[in-house]
Amino acid sequence: MVPEVSENPEAAILSFLAESGDEYASGEALSGKLGLTKADVWKYVEALRHQGYRIDTVPARGYRLVSKPDTLSALELSWRLETHDIAQRVDYLAQVVSTNARAVEWALSGAPHGAVVIAETQTDGRGRRGRKWESPAGLNLYCSLVLRPDLPPVRAPELTLVGAVAVADALRGAGIEAVIKWPNDVCVGERKIAGLLTELAAERERVQHVVLGVGVNLNAGPSDFSPEVSAFATSLRQELGHPVDRAVFAAALFNRLEHWLDLHEEDGFAAIGRAWRDMATTLGTEVLVKMEGEELMGQAVDIDETGALLVLPAGAEKPVRVVAGDVQQMRRHAARSTDF
Ligand code: BTN
């Protein structure tokens, strides 16, 4: 979406130049279309150059975007966003302990719905169940969104599934067959490409905020992770065979996330459940679920209306409801977990 010039003239110029591709856009065309003076166009082009955009100028022909920096800045995202709330506020950091921790602080000090913390690297990225999320610098997407849904706390876990659907959807849009493994691992085949971690703050009746943390492996190669992680991980680059534009992916993810959040708000969990089931690999498989001090083996038959996994142990008549745990999907000859 082309941003309003008055709100963000640099983004509007970038959008215009990107649309012109290899063609030069004349100063008149830019100033006419965007309602800026030619002097303003020049001033903003200079500002863009200072931020790493290479913009060629040829007298009598105009401006051409030659290259752009590999960044996830608010500017780089803004002209690709089609959202009303998601990523309309961006805190973009070179390094942070954990984007989730930062987003929780921001939420507590009043961040609006949709605000997002993005970092190039995390020194202590958090995974599920106390694990670490390896966050090599400048290669992937590490972000945490502040959400303020109008939901009772018992329904907050649904948002993790909304997030998983959005991530898998965005990855499919980028050209790979991403699938979801309950509750929130996004995989390609048996290799994990993305993970989600939600943190909730609630009163008795209503959610105050949810922080939805998302890590997606985009341009990392096997040597960017520890051997333990790279044995089970993959990235978009590894799957496609070429590097990807991280800003294009991040903006697409935020666009898809808002679509699925809106649907969730309007129609409830049913539509999300259908999309989740369509993309999930867990259902119909034999699973071993590891919970706090307990294990459960059986067939994963469905999810319920809250997103809990329903597991039917051999010989049992009724499925057991699993709210949290690690799931190993059993294969005929071997068991394997994608958890890391
Ligand atoms: C998992 O274990 O699968 C969940 C991983 C979640 C990782 C992301 S990266 C961005 C955000 N910040 C964190 O510290 N964790 C999440």
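Order of appearance sets the numbers: ligands from 1, and atoms from 1 within every ligand.
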**Study point:** E239 versus T234, side-chain donor and acceptor atoms under 3.5 Å
**Key:** yes
Study note, to complete from the structure: So the atoms of ligand 1 within less than 4.0 Å of a heavy atom of C143 turn out to be 10 (C), 11 (C)
Practice item. Can you establish whether the number of heavy atoms outside E265 located under 6.0 Å from its atom CD is more than 12? Key: no
Review point. Would you say the side-chain atoms of D262 and H84 include a donor-acceptor pair closer than 3.5 Å?
Key: yes
Point to revise | L196: numbered ligand 1 atoms lying under 4.0 Å from its heavy atoms | key: 4 (C)
Review point. So L139 and L218, side-chain contact (heavy atoms from CB on, under 4.5 Å) or not? Walk me through it.
Key: CA-CA 6 Å; L139 294 168; L218 294 178; over 6 Å; no
Exercise for review: Check each atom of ligand 1 against the heavy atoms of G125 and keep those under 4.0 Å away; list them by number with element.
Suggested key: 14 (O)
Check your understanding: Going by side-chain heavy atoms closer than 4.5 Å, which hydrophobic residues are tied to L93, directly or by a chain of links?
Key -> V96, W106, V117
Review point. Quick one: does R126 get an N or O within less than 3.5 Å of an N or O on ligand 1?
Key: yes
Review point. For T99, is at least one N or O under 3.5 Å away from an N or O on ligand 1?
Key: yes
Review point. Y63 vs W42 aromatic rings, parallel, tilted or perpendicular, using cut-offs 30° and 60°?
Key: tilted
Point to revise | Contact check, R129 vs ligand 1, heavy-atom distance below 4.0 Å | key: no
Check your understanding: Checking E258 side chain against D85 main chain: does a donor-acceptor pair fall under 3.5 Å?
Key -> yes
Review point. Heavy atom under 4.0 Å from ligand 1: found in A101's side chain, backbone, both, or neither?
Key: neither
Check your understanding: Is V179 isolated, or which residues cluster with it under the ILVMFWY side-chain rule of less than 4.5 Å, directly or via members?
Key -> none
Check your understanding: Can you list the atoms of ligand 1 that are under 4.0 Å from a heavy atom of S144?
Key -> 11 (C), 12 (N)
Practice item. Tell me which one of E199, R131, K132, K192 gets a heavy atom nearest to atom 3 (O) of ligand 1. Key: K192
Point to revise | Q122 heavy atom under 4.0 Å from ligand 1 | key: yes
Check your understanding: Which atoms from ligand 1 have a heavy atom of S98 less than 4.0 Å away?
Key -> 12 (N), 13 (C), 14 (O)
Review point. Is it the case that S144 and N100 place a side-chain donor and acceptor less than 3.5 Å from each other?
Key: yes
**Study point:** Sub-4.0 Å atoms of ligand 1 with respect to non-hydrogen atoms of G195
**Key:** 3 (O), 4 (C), 5 (C), 6 (C)
Point to revise | Test of proximity, R128 against ligand 1: N or O pairs below 3.5 Å | key: yes
